[in-house]
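Scroll down for the structure; my scribbles are underneath it.
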Amino acid sequence: MENQGKRAYLCFRCHSIYLLDTSQPVEMESYMNGAKFDCLLFDMDDTLYPLSLGINLACRHNIIDYMLNKLKIEESLVPKMCLDLYREYGTTMAGLKLLGYDFDCDEFHACVHGALPYEKLKPNPVLRNLLLSLPQRKIIFTNSDEAHAVTVLKKMGLEGCFDGIICFETLNQPSHDSTSGKRILCKPSLESMEAVVEIAKLDPKKTVFFDDSPRNIASGKAAGFHTVIVGSSALLPGADVALESIHNIREALPELWEAAGDHVEAAVDLRSAVVAETTVLA
């Protein structure tokens, strides 16, 4: 079999998986059975890189442009409407859909993310080595689309650090019905957290959830996750741990490495292999 000797890393979509070359088996389960945590769930934007880069602000400007130029919403209403919908529904897109605006989600994502200043994202070998040293399963959980998630990870040099990506397309499978008025599933809803548990087959009590959003953290805690607020030195409601930077994981959560022992070095060597994307036709 052509893919024998490789381990598949699911992108949690019906058509995409990632294959990680492993010439030797990694017996992860053998030392994770006794671990306190067996999965790490990471938000991506403003969590793996700092808010100060300005990607978030650029994204909001692009959303406002889309509302003005594509949806033809009155200019005086747009800035407040954009922020209010984000606060009420988790994303501005989700709010627009519920209000009945009819637009293509892929087009929205292409307009909003296509012109982002990705050049501000630089390879981060320190974070890469930190992630690869963690023996637990690691999954990205983002409200963004898959294309944006893949671009961010590539720009940061973090390909191969995660076992899967749960994104907009994962939680919102396309249908032939009109999407206007349809509810979009996204953080911070408790339903999105429960969906992730089911999709990734997680045990919430053995999962650590990292996010920069206080309301996402609150929902994650309600879902049963051990929660880590990133970008804050102070504990917020629902957070078990506060990290000023994602780089502080080892200092704040040394127990994540305790179960791995001598296996970590071998796991890092194998998981540093080249990642290749393949398409599965269903």
Side-chain angles (χ1 to χ4, degrees), residues 32 35-57 59 90 120-144 148-149 152-153 155-167 186-188 190 192-193 196-197 200 202-260 264 267-268 271:
M32 285 310 300
K36 182 178 180 181
F37 302 110
D38 59 19
C39 186
L40 309 179
L41 197 60
F42 289 87
D43 174 51
M44 186 181 67
D45 294 303
D46 303 329
T47 295
L48 297 185
Y49 62 84
L51 176 67
S52 59
L53 283 187
I55 303 293
N56 181 292
L57 184 60
C59 187
K120 292 185 177 182
L121 296 171
K122 306 297 182 184
N124 191 334
V126 173
L127 180 57
R128 177 179 178 82
N129 289 334
L130 186 64
L131 291 169
L132 290 176
S133 72
L134 286 159
Q136 294 83 1
R137 188 161 61 123
K138 291 172 285 294
I139 297 171
I140 291 288
F141 176 25
T142 176
N143 281 340
S144 76
H148 173 67
V152 169
L153 295 180
K155 289 288 186 180
M156 295 187 69
L158 301 181
E159 302 128 299
C161 292
F162 297 94
D163 302 289
I165 299 171
I166 294 178
C167 56
C186 61
K187 294 183 285 184
L190 182 59
S192 71
M193 304 289 169
V196 167
V197 169
L202 306 179
D203 177 352
K205 291 183 174 61
K206 300 189 75 173
T207 300
V208 184
F209 176 46
F210 299 82
D211 203 296
D212 67 292
S213 164
R215 59 184 183 165
N216 292 349
I217 287 295
S219 293
K221 177 51 86 177
F225 299 141
H226 188 77
T227 52
V228 180
I229 184 75
V230 180
S232 171
S233 58
L235 279 177
L236 301 174
D240 296 302
V241 177
L243 293 181
E244 192 165 356
S245 165
I246 195 68
H247 295 86
N248 302 135
I249 297 177
R250 190 183 289 273
E251 292 78 11
L253 292 162
E255 63 268 30
L256 295 180
W257 283 265
E258 288 173 2
V264 170
V268 171
R271 297 204 56 196

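Scanning for side chain to side chain contact (heavy atoms under 4.5 Å, CB included) contacts around Lys187 gives Asp43, Phe141, Asn143, Ser192, Met193, Phe209, Asp211, Asn216, with sequence neighbours left out. Under the rule for a side chain to side chain contact (heavy atoms under 4.5 Å, CB included), the partners of Pro50 that lie at least two apart in sequence or sit in another chain are Ser52, Leu53.
Between the NZ atom of Lys155 and the CG atom of Asn124 there is a distance of 15.0 Å, given to the nearest 0.5 Å. With values rounded to the nearest 0.5 angstrom, Leu134 atom CG is found 5.5 Å from Leu130 atom CG. For the atom pair His226 NE2 and Lys221 NZ, the distance stands at 6.5 Å (nearest 0.5 Å).
The shortest side-chain heavy-atom distance between Leu158 and Met44 does not fall under the 4.5 Å cut-off. Proximity of Leu153 to Cys161: side-chain heavy atoms (C-beta onward) are nowhere separated by under 4.5 Å. The closest side-chain heavy-atom distance from His148 to Asp45 is below 4.5 Å.
Of the listed residues (Thr227, Leu48, Ile249), just one forms a side chain to side chain contact (heavy atoms under 4.5 Å, CB included) with Phe210, and that residue is Ile249.
Residues Arg128 and Gly157 share a closest heavy-atom pair of NH1-O, 3.0 Å. Listed here is the closest heavy atom pair of Gly90 and Arg215: O-NH2, 3.5 Å. The shortest heavy-atom contact between Ala200 and Ile166 is CB-CD1, 4.2 Å. What you find for Ala252 and Leu243 is that their closest heavy atoms are CB-CD2, 3.3 Å. Residue Leu132 comes nearest to Gly160 through the heavy atom pair CD2-O, 3.9 Å, listed as atom of the first residue, atom of the second, then distance. Residues Ser144 and Cys167 approach most closely at O-CB, 3.2 Å, considering heavy atoms.
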* To do: List the steps and the verdict of side chain to side chain contact (heavy atoms under 4.5 Å, CB included) for Asp240 and Phe225.
  => CA-CA 10 Å; Asp240 296 302; Phe225 299 141; over 6 Å; no
* **Check against side chain to side chain contact (heavy atoms under 4.5 Å, CB included), Leu202 and Ile139** => CA-CA 11 Å; Leu202 306 179; Ile139 297 171; 4.2 Å; yes
* To do: Start with the C-alpha gap between Leu253 and Phe37, add the side-chain angles, then the distance that decides, and say whether side chain to side chain contact (heavy atoms under 4.5 Å, CB included) holds.
  => CA-CA 11 Å; Leu253 292 162; Phe37 302 110; 5.5 Å; no
* Is there a side chain to side chain contact (heavy atoms under 4.5 Å, CB included) between Thr207 and Gln136 once you walk through the steps? -> CA-CA 9 Å; Thr207 300; Gln136 294 83 1; over 6 Å; no
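A distance-only check finds no donor-acceptor pair linking the side chain of Arg137 to the backbone of Leu41 [under 3.5 Å].
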Can you give the donor-acceptor pairs under 3.5 Å from side chains of residues 228-236 to other protein atoms, not counting sequence neighbours?
{"unit_1": "Ser232", "atom_1": "OG", "unit_2": "Ala234", "atom_2": "N", "d": "3.1"}
{"unit_1": "Ser232", "atom_1": "OG", "unit_2": "Ala234", "atom_2": "O", "d": "2.9"}

